[in-house]
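First the proteins, then the strands, lettered A, B, ... as listed; each starts at 1.
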Amino acid sequence: MPELPEVETIRKGLNQLITGAVIIDVAVFWDRMITPPFSTGKFKKALRGETIHTVERRGKYLIFLLDHWAMVSHLRMEGKYEVNHSGDPIQKHTHVIFYLADGRQLRYLDVRKFGRFTLLPIDKREEYEPFKKMGPEPVADFFKLNEFRKDLSKSSRVIKAVILDQNIVAGVGNIYADESLFQAKINPLQPANTIGPAAAKRLRDAIIDVIGRAVEAGGSTIRTYKNTLGEAGKFQVSLAVYGQTGKPCPRCGHPIEKIRVAQRGTHYCPHCQKMKKA
DNA sequence: AAAGGTGTTTATCG
DNA sequence: TCGATAAACACCTT
């Protein structure tokens with residue numbers, strides 16, 4: 001659910017609300033949320049007294065820049081942040097609370113407990129393995145067609161699996177993968193190494209365009225996503241295929257179908273997105 | 001009412 | 001090294 005556009009919207013909200021705030025204490029109610037080598041105890045101790053200077057993002061990861069640490073937070077499926085006052089009732093599925101010096105609390109909620117926190121020394125954050133391997137951000141300046149074409153030619157996997165791979169391009173999840181493939185008129189089952197130069201360009205441009213428009217719209221709210229300010233996204237009304245099973249294709253009117261590709265629910269128009277021979 | 005679907009990443013298998 | 005699969009969880013739908 002939180003893919004790049006949702007994480008980016010959350011990042012902006014966090015920056016509005018908590019930059020400059022000082023963490024005086026941390027409570028962790030689900031220890032597995034804190035990844036090794038940090039124990040919950042070390043995690044809390046490291047954060048006490050640290051100022052939240054700014055929140056950055058790489059792919060679907062949030063990066064809180066503190067005095068001595070970069071706190072990396074991944075929301076996985078259903079992670080959310082709220083900023084509360086101390087008297088506010090604690091919602092179900094609250095797993096981490098950051099107590100701030102001004103009396104407010106930054107709370108992390110996650111129904112499925114899949115989200116993770118990692119602490120990195122502030123000057124070593126570039127060395128974090130997932131960041132080192134991660135593909136470019138899906139914007140024109142970084143996501144180069146030549147590199148993308150090389151990646152496609154090297155892989156026999158189906159194209160949908162490839163664009164979901166964070167090491168190819170960062171931040172694309174199930175929703176925006178389906179939307180991008182639809183916009184580029186490519187069948188999700190097409191093997192990556194059978195995609196020609198023209199189709200590769202369409203796909204690269206579609207990913208940049210779809211993600212960009214979704215960021216502008218504050219992301220998509222499918223079931224539960226809300227940003228830090230408690231607001232829903234607006235992009236769900238612009239979705240052409242995701243969650244539109246049985247509805248007419250906005251381009252040709254053929255009913256949208258749902259199949260399974262790379263173990264993921266996949267929505268596409270069988271008329272507009274025909275499989276092409278290599 | 002048990003079973004299956006939901007999506008992201010990492011670990012593990014062949 | 002690559003690709004496929006399972007596991008980490010809770011809730012909702014069938």
Could you state the interatomic distance from [atom1] ([X]) to [atom2] ([Y]), rounded to the nearest 0.5 Å?
X: A:Leu106; Y: A:Ile97; atom1: CG; atom2: CD1; answer: 9.5 Å
X: A:Gln263; Y: A:Lys160; atom1: CD; atom2: NZ; answer: 11.0 Å
X: A:Glu257; Y: A:His267; atom1: CD; atom2: NE2; answer: 11.5 Å

N/O (side chain, [X]) to phosphate O (OP1/OP2, [N]) under 4.0 Å:
X: A:Ser155; N: C:dC2; result: no
X: A:Gln263; N: C:dT5; result: yes
X: A:Lys113; N: C:dA8; result: no

Considering non-hydrogen atoms only, spot the tightest contact between A:Val72 and A:Leu120 and give its length.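 In terms of heavy atoms, the two residues are closest at CG2-CD1, 3.6 Å.
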
Please find the pair of heavy atoms, one from A:Arg104 and one from A:Ala21, that lie closest to each other, and give the distance.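 Heavy-atom minimum between the residues: NH2-CB, 4.4 Å.
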
Please report the distance, rounded to the nearest Å, between [atom1] in [X] and [atom2] in [N].
X: A:Trp30; N: C:dA10; atom1: CH2; atom2: C1'; result: 11 Å
X: A:Asp110; N: C:dC11; atom1: CG; atom2: P; result: 11 Å
X: A:Leu62; N: B:dT9; atom1: CG; atom2: C1'; result: 15 Å
X: A:Arg112; N: C:dC12; atom1: CZ; atom2: C1'; result: 11 Å
X: A:Ile10; N: B:dT8; atom1: CD1; atom2: C1'; result: 14 Å
X: A:His95; N: C:dA10; atom1: NE2; atom2: C1'; result: 9 Å
X: A:Glu6; N: B:dT6; atom1: CD; atom2: C1'; result: 15 Å
X: A:His74; N: B:dT8; atom1: NE2; atom2: P; result: 9 Å

Residues in side-chain contact (heavy atoms from CB on, under 4.5 Å) contact with A:Val158, at least two apart in sequence or another chain: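 Scan of A:Val158 (side-chain contact (heavy atoms from CB on, under 4.5 Å), adjacent residues dropped) gives A:Ala161, A:Leu189, A:Val261.
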
Counting only non-hydrogen atoms, which of residues 156-174 of chain A are less than 4.0 Å from DNA chain B?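 Per residue number, the list reads A:Gln166, A:Gly173, A:Asn174.
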
What contact category does A:Lys133 fall into here, base, sugar-phosphate, or nothing, at under 4.0 angstrom with non-hydrogen atoms?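 Contact class for A:Lys133: none.
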
Under the criterion salt bridge (charged side-chain N to carboxylate O under 4.0 Å, His left out), I'd like the reasoning laid out for A:Lys154 against A:Asp151: C-alpha separation, chi angles, the key distance, then a yes or no. CA-CA 5 Å; A:Lys154 279 190 298 202; A:Asp151 287 338; 3.7 Å; yes

Check the interface with nucleotides 10-14 of chain B: list each N/O to N/O pair with the protein under 3.5 Å, or write none.
unit_1 : atom_1 : unit_2  : atom_2 : d
B:dT10 : OP1    : A:Tyr61 : OH     : 3.2

Under 30°, 30 to 60°, or over 60°: which ring-plane class applies to A:His95 and A:Trp30, parallel, tilted or perpendicular?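 Tilted: the ring planes of A:His95 and A:Trp30 meet at 30° to 60°.
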
Out of C:dT5, C:dA10, B:dT8, which nucleotide sits closest to the side chain of A:Arg264?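 Selected nucleotide: B:dT8.
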
Just compare C:dT5, B:dT6, C:dC11 and give me whichever is closest to any side-chain atom of A:Lys258.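 Closest nucleotide among those given: B:dT6.
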
In chain order, what residues pass the ring-ring contact (aromatic ring centres under 6.0 Å, His included) check against A:Phe131, with sequence neighbours excluded?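 If we apply the ring-ring contact (aromatic ring centres under 6.0 Å, His included) test to A:Phe131, skipping adjacent residues, the hits are A:Tyr61, A:Tyr128.
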
If the C1' atom of B:dG4 is compared with that of C:dA6, how far apart are they to the nearest Å?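 One C1' to the other, the span is 16 Å.
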
Salt bridge (Lys or Arg N to Asp or Glu O under 4.0 Å) with A:Glu137: which residues, sequence neighbours excluded?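 Result, salt bridge (Lys or Arg N to Asp or Glu O under 4.0 Å) vs A:Glu137: A:Arg57, A:Arg58.
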
Charged N-O contact under 4.0 Å between A:Glu147 and A:Lys150: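 The answer is yes: the pair qualifies as a salt bridge.
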
Test: A:Asp88 and A:Arg107 ion pair at under 4.0 Å: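 A salt bridge is absent here (no side-chain N lies under 4.0 Å from a carboxylate O).
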
For DNA chain B, what string of dots and brackets results from 5' to 3' when Watson-Crick and G-U pairs need both distances under 3.5 Å, crossing pairs get [ ], and pairs with another strand get |? .|||||.|||||||

